[in-house]
Colleague: 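Could you have a look at this structure, given as structure tokens, before my questions?
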Amino acid sequence: MLKARIKNRNLLSEIENLSQVNTIDTFNLFNKKFENGNRLNIFETVKLMEELNEVNQYDCIIVRGYKLAIELMKSPLSSKIVPYFTEFTHNQTKLRVKKNKFFKKFIVLSKSICTNE
């Protein structure tokens, strides 16, 4: 699900033609008013993802973004989440304790997702 209006297809070009991937163009699919007309906030995104999952029963949901992933950990969708993080450093000494604990939780979660067939 796209949180922002499409401005450039470069970010989508690698995945949008894959049959196993369902890319949802939120702004063209839904006739809703969002708080910010060009981008969903985290809470709008989680709510919409939960609604879509009720209808479509997704096997997994790939999530890009640390703040969204944190909020989804509190959601019934948490067992379906596969995080794709881009906003962190690979330098262990610079990782804050809070983020480090968070990533460890996701490692445990992602192992359970991969092993449950």
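Keep in mind that what you see is a predicted model, and the values were worked out from it rather than measured.
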Colleague: Using a 6.0 Å cut-off, check whether atom CD of E54 has over 12 heavy atoms from anything other than its own residue.
Modeller: no

Colleague: To the nearest 0.5 Å, what is the distance between CD1 on I24 and CE on M49?
Modeller: 8.0 Å

Colleague: Between E71 and K67 (salt bridge meaning N to carboxylate O under 4.0 Å), is one present in this structure?
Modeller: no

Colleague: Can you confirm whether K80 sits close enough to N53 that some side-chain heavy atom of one is under 4.5 Å from a side-chain heavy atom of the other?
Modeller: yes

Colleague: Checking N56 now: which residues fulfil side-chain hydrogen bond (donor to acceptor under 3.5 Å, both in side chains) with it, not counting sequence neighbours?
Modeller: Y58

Colleague: Should T45 and L68 count as side-chain neighbours, where that means a heavy-atom distance under 4.5 Å?
Modeller: yes

Colleague: May I have the step-by-step check of side-chain contact (heavy atoms from CB on, under 4.5 Å) for V82 and I61, ending in yes or no?
Modeller: CA-CA 6 Å; V82 178; I61 302 167; over 6 Å; no

Colleague: Check side-chain hydrogen bond (donor to acceptor under 3.5 Å, both in side chains) between E35 and all other residues, then give those that pass, not counting sequence neighbours.
Modeller: N41

Colleague: List in chain and number order the residues that pass side-chain hydrogen bond (donor to acceptor under 3.5 Å, both in side chains) with E50, two or more places apart in sequence or in another chain; answer none if no residue qualifies.
Modeller: S75

Colleague: Give the cluster check for F43 versus V63: same hydrophobic cluster or not, with ILVMFWY residues linked at side-chain heavy-atom distances below 4.5 Å.
Modeller: no

Colleague: What's the spacing between I62 CD1 and R64 CZ if we round to 0.5 Å?
Modeller: 12.5 Å

